[in-house]
Protein chains: 2
Amino acid sequence: MNLKELATKLGLSPTTVSRALNGYPEVNEATRERVMAAAKRHNYRPNARAIRLATGRAMAVGHVIPVATRHEIVNPIFADFIAGAGETYSRNDYDMVLSVVPDEDEEDTYRALRSKGNVDGVIVHAPKMEDRRIALLHEIGLPFVVHGRASGVTLPYPWVDVNNRRAFQRATEFLLDLGHRHIALVNGLEFMDFAMRRRAGYLDALAARGIAPDPALMASDEMTEVSGYRAATRMLALPRPPTAFLAASMISGMGIRRAVEERGLKLGRDVSVIIHDDDLSYMKNGEDVPIFTATRSSVRDAGRIAAEMLLGLIARPQDPPPTRLLEADLVIGQSTGPAPR
Amino acid sequence: MNLKELATKLGLSPTTVSRALNGYPEVNEATRERVMAAAKRHNYRPNARAIRLATGRAMAVGHVIPVATRHEIVNPIFADFIAGAGETYSRNDYDMVLSVVPDEDEEDTYRALRSKGNVDGVIVHAPKMEDRRIALLHEIGLPFVVHGRASGVTLPYPWVDVNNRRAFQRATEFLLDLGHRHIALVNGLEFMDFAMRRRAGYLDALAARGIAPDPALMASDEMTEVSGYRAATRMLALPRPPTAFLAASMISGMGIRRAVEERGLKLGRDVSVIIHDDDLSYMKNGEDVPIFTATRSSVRDAGRIAAEMLLGLIARPQDPPPTRLLEADLVIGQSTGPAPR
DNA sequence: AATCGGTTTCAAACCGCTTTGGATATGGCA
DNA sequence: TGCCATATCCAAAGCGGTTTGAAACCGATT
């Protein structure tokens with residue numbers, strides 16, 4: 001059942017039927033109701049492809065998921081971010097189209113999405129410190145929102161981010177207050193913007209107490225269980241091992257825990273660990289009592305917010321670029337305690 | 001730059017240009033090259049919306065991601081499955097459109113995707129034992145491939161699945177061979193088809209050795225760290241605690257490990273654990289030596305295979321429904337050993 | 001009765017491609 | 001030379017909606 005057929009069946013022109021269904025004022029209320037009823041009865045749903053061509057809008061937003069070519073790693077926070085964003089899209093009748101591309105093809109993917117008209121805007125994931133994508137999107141005029149920020153970019157652009165620097169600063173201060181002096185940072189890859197910011201927060205806190213950072217206590221790698229384990233194992237074997245760890249994610253935290261327990265040490269007593277908790281639905285940090293003390297910020301909420309921003313931007317492209325800085329909670333769990341001795 | 005403009009610039013008709021670009025034979029080779037060159041030079045890319053309307057094909061496949069309303073849990077294997085499938089789509093110039101919907105809206109989502117013509121086919125995720133979606137998709141004539149199977153469905157349908165039953169049977173036998181007699185099963189939700197199959201494999205293996213299953217050693221819940229921890233904690237407190245666990249996922253396995261170590265027991269010596277490892281990119285089961293002994297099957301490969309199947313089905317709808325049963329490897333890691341005493 | 005403003009409806013153009021059904025040109029062959 | 005098959009190109013008609021510009025209708029006004 002298409003528009004023309006429905007119109008014929010009603011003895012009306014397609015024009016009128018279209019207008020009736022789309023709430024235009026220039027149609028008699030009685031007619032509108034008749035049309036609505038018929039549409040429902042015949043289960044008519046306008047063809048999305050036709051609407052898209054006619055209106056010139058894609059009614060879709062793109063998420064380009066870069067897959068690191070070397071490690072083929074998909075960012076684990078991605079599923080929850082998508083879940084948050086997806087809610088917003090459904091509510092607004094937008095489609096979400098995902099492009100999973102090797103990271104070196106990313107630029108071309110944006111260009112293609114733009115010129116082929118597949119989407120009205122995109123979400124930029126996992127920004128690096130120097131991120132060329134932002135300039136590119138500006139240049140080709142495709143509305144976008146960045147999940148995170150790119151320090152190296154000067155021109156204004158829309159973003160949603162967690163205050164990573166503050167979060168890690170507070171976490172470090174918390175450990176310092178507990179008497180820890182050898183605090184390790186098991187960070188994500190430091191060309192990623194969020195990782196650099198966390199590092200800055202950590203260094204700030206140390207500096208404020210006059211503590212010189214120890215390069216041997218700073219690791220940077222993909223946020224996997226194994227790399228957390230490896231970093232912790234190495235550091236715990238040092239002559240002056242750390243008494244506390246800051247971990248980039250729940251998953252690295254678990255690797256650290258494995259290393260700690262493997263040495264016969266006890267978490268929260270011998271060694272303290274604070275993680276950053278993205279509040280992933282499938283990876284909850286405990287329930288009533290958190291497993292790990294953590295800086296927590298829901299990535300799902302971030303997805304929701306980013307999507308809303310983007311739809312707003314698509315509707316009103318002239319608006320100044322919105323930004324939103326989310327503060328992380330510091331939640332106390334079972335993995336921290338006073339420094340031993 | 002659109003087709004008409006390009007054609008004018010070349011002094012040709014849109015027809016010829018279109019044909020030249022799409023490799024139709026009825027165009028002079030010299031002309032074709034001229035067109036190709038001009039297209040490249042002007043960076044012409046045909047408008048996807050127009051192609052879709054003209055051809056009547058969506059050039060897109062849908063993934064409907066049901067979000068459990070109660071727990072709001074997104075399946076963690078989802079990201080890697082998508083990554084695998086996405087590769088295939090990109091290569092074939094298909095878009096991947098994701099609908100994240102509360103699971104009670106799922107049926108309507110399929111109906112809408114179909115009648116609005118957003119997609120040419122869908123992947124069905126996380127089938128339950130009795131799954132109405134399969135009959136529905138048959139009825140509305142939307143090509144699909146199921147990731148997993150639905151035991152309750154009699155008519156043939158296309159699927160890709162891991163041999164979950166065999167995997168868990170083998171894992172159980174392996175533990176039995178090591179002398180374990182009290183083997184616990186920390187399963188996923190048992191209305192999910194895969195969970196039921198795993199349970200069947202576990203029970204088969206026990207039965208074959210004449211061991212009566214102990215209901216106290218069988219848990220079924222979402223596959224989270226916490227629920228693994230809770231189940232293991234409870235079971236380890238039993239008068240005759242299990243000496244071995246089968247876990248539904250890497251994540252539940254980590255919860256079990258936490259419970260085990262919290263009791264001062266050592267994994268692989270006091271308690272053995274075998275997990276099912278989906279080979280998630282961000283959750284690798286160790287590297288050279290696996291952390292956990294595991295039944296392993298790459299969900300990313302499954303995504304790749306499912307996507308290929310679906311594209312095949314879209315191209316040749318009359319083909320009999322393809323199916324593919326993947327066998328899981330049993331890989332030996334550090335989490336298993338002979339039964340104590 | 002003619003005119004008028006407002007309401008309601010419609011025919012047709014358009015979005016940017018594909019595809020059908022010729023038309024034209026070319027060359028080989030009788 | 002005339003005819004036909006083949007190669008090459010094109011005009012126009014879709015695809016299924018939206019949107020523009022105009023027509024029809026209405027009761028009210030003059």
Side-chain angles (χ1 to χ4, degrees), chain A residues 1-36 38-39 42-60 93-95 112-120 315, chain B residues 1-36 38-39 42-60 93-95 112-120 315:
Chain A
M1 171 72 47
N2 62 24
L3 184 67
K4 202 195 292 188
E5 290 164 13
L6 184 62
T8 315
K9 208 167 288 256
L10 281 162
L12 289 170
S13 75
T15 309
T16 303
V17 176
S18 169
R19 284 182 167 154
L21 294 173
N22 292 310
Y24 282 73
E26 60 268 66
V27 33
N28 189 307
E29 267 318 308
T31 311
R32 187 193 305 282
E33 272 160 35
R34 207 158 60 86
V35 172
M36 294 289 223
H42 295 93
N43 196 24
Y44 166 73
R45 311 217 204 183
N47 183 298
R49 297 192 292 260
I51 292 181
R52 287 170 176 168
L53 181 57
T55 60
R57 303 185 308 163
M59 295 305 288
D93 263 305
Y94 268 72
D95 274 357
L113 285 177
R114 167 67 180 169
S115 49
K116 302 201 296 180
N118 300 45
V119 302
D120 297 319
Chain B
M1 170 71 47
N2 62 23
L3 183 65
K4 202 196 292 185
E5 289 165 12
L6 184 61
T8 314
K9 208 166 289 254
L10 281 162
L12 289 170
S13 75
T15 310
T16 303
V17 176
S18 169
R19 285 180 166 154
L21 294 174
N22 292 310
Y24 282 74
E26 60 269 66
V27 31
N28 188 306
E29 268 317 309
T31 310
R32 186 192 307 281
E33 271 161 34
R34 207 158 61 88
V35 171
M36 294 289 224
H42 294 93
N43 197 24
Y44 167 73
R45 312 218 203 179
N47 183 298
R49 299 191 291 261
I51 293 180
R52 286 168 178 171
L53 181 56
T55 60
R57 304 185 306 163
M59 295 305 287
D93 262 307
Y94 268 73
D95 274 357
L113 285 176
R114 166 70 180 166
S115 50
K116 303 201 296 179
N118 299 41
V119 302
D120 297 319

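Values reported hereafter were calculated over all heavy atoms of this structure, with side chains retained and with hydrogens, waters and symmetry mates removed. Chain naming here is simple, since letters A, B, ... match the order of the sequence lines and numbering starts at 1 in each.
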If only side-chain N and O atoms of [X] are considered, is one of them under 4.0 Å from the OP1 or OP2 phosphate oxygen of [N]?
| X | N | value |
| --- | --- | --- |
| A:Ser13 | C:dT9 | no |
| A:Tyr24 | C:dT7 | no |
| B:Asn28 | D:dT8 | yes |
| A:Ser18 | D:dT18 | yes |
| A:Asn22 | D:dT18 | yes |
| A:Thr55 | D:dT18 | no |

Closest-nucleotide 5' rank along DNA chain C - winner of B:Lys4 and A:Thr16 | A:Thr16
Rounded to whole angstroms, how far apart are [atom1] on [X] and [atom2] on [N]?
| X | N | atom1 | atom2 | answer |
| --- | --- | --- | --- | --- |
| B:Asn118 | D:dG17 | CG | C1' | 14 Å |
| B:Ile51 | C:dC15 | CD1 | C1' | 14 Å |
| A:Arg52 | D:dT19 | CZ | C1' | 20 Å |
| A:Arg19 | C:dC10 | CZ | C1' | 9 Å |
| B:Glu5 | C:dC15 | CD | P | 10 Å |
| A:Glu33 | C:dT8 | CD | C1' | 16 Å |
| B:Glu26 | D:dA5 | CD | C1' | 16 Å |
| B:Lys116 | D:dG17 | NZ | P | 12 Å |

Side chain B:Thr15 and base C:dT18 donor-acceptor under 3.5 Å | no
Test item: A:His42 and A:Glu5 side chains (from C-beta on) under 4.5 Å apart, heavy atoms | no
Inter-residue atom distance B:Asn47.CG - A:Leu53.CG, 0.5 Å rounding = 6.5 Å
Correct closest heavy-atom pair for B:Arg32 and B:Gly23 would be NH1-CA, 3.2 Å
For B:Leu53 and for B:Glu29, find the nucleotide of DNA chain D with the closest heavy atom, then tell me which residue's nucleotide is more 5'.
-> B:Glu29
Is the shortest distance from a Lys or Arg side-chain nitrogen in B:Arg52 or B:Asp95 to a carboxylate oxygen in the other one below 4.0 Å?
-> yes
Might you confirm whether atom CZ of A:Arg57 has over 12 heavy atoms from other residues, nucleotides or ligands at distances under 6.0 Å?
-> no
From the list C:dC17, D:dC15, D:dG17, which nucleotide is the closest neighbour of the side chain of B:Tyr44?
-> C:dC17
Which listed nucleotide (C:dT9, C:dT18, D:dC10) is nearest to the side chain of A:Val27?
-> C:dT9
Report which part of the nucleic acid A:Leu3 touches: base, sugar-phosphate, or nothing (heavy-atom distance under 4.0 Å, all strands).
-> base
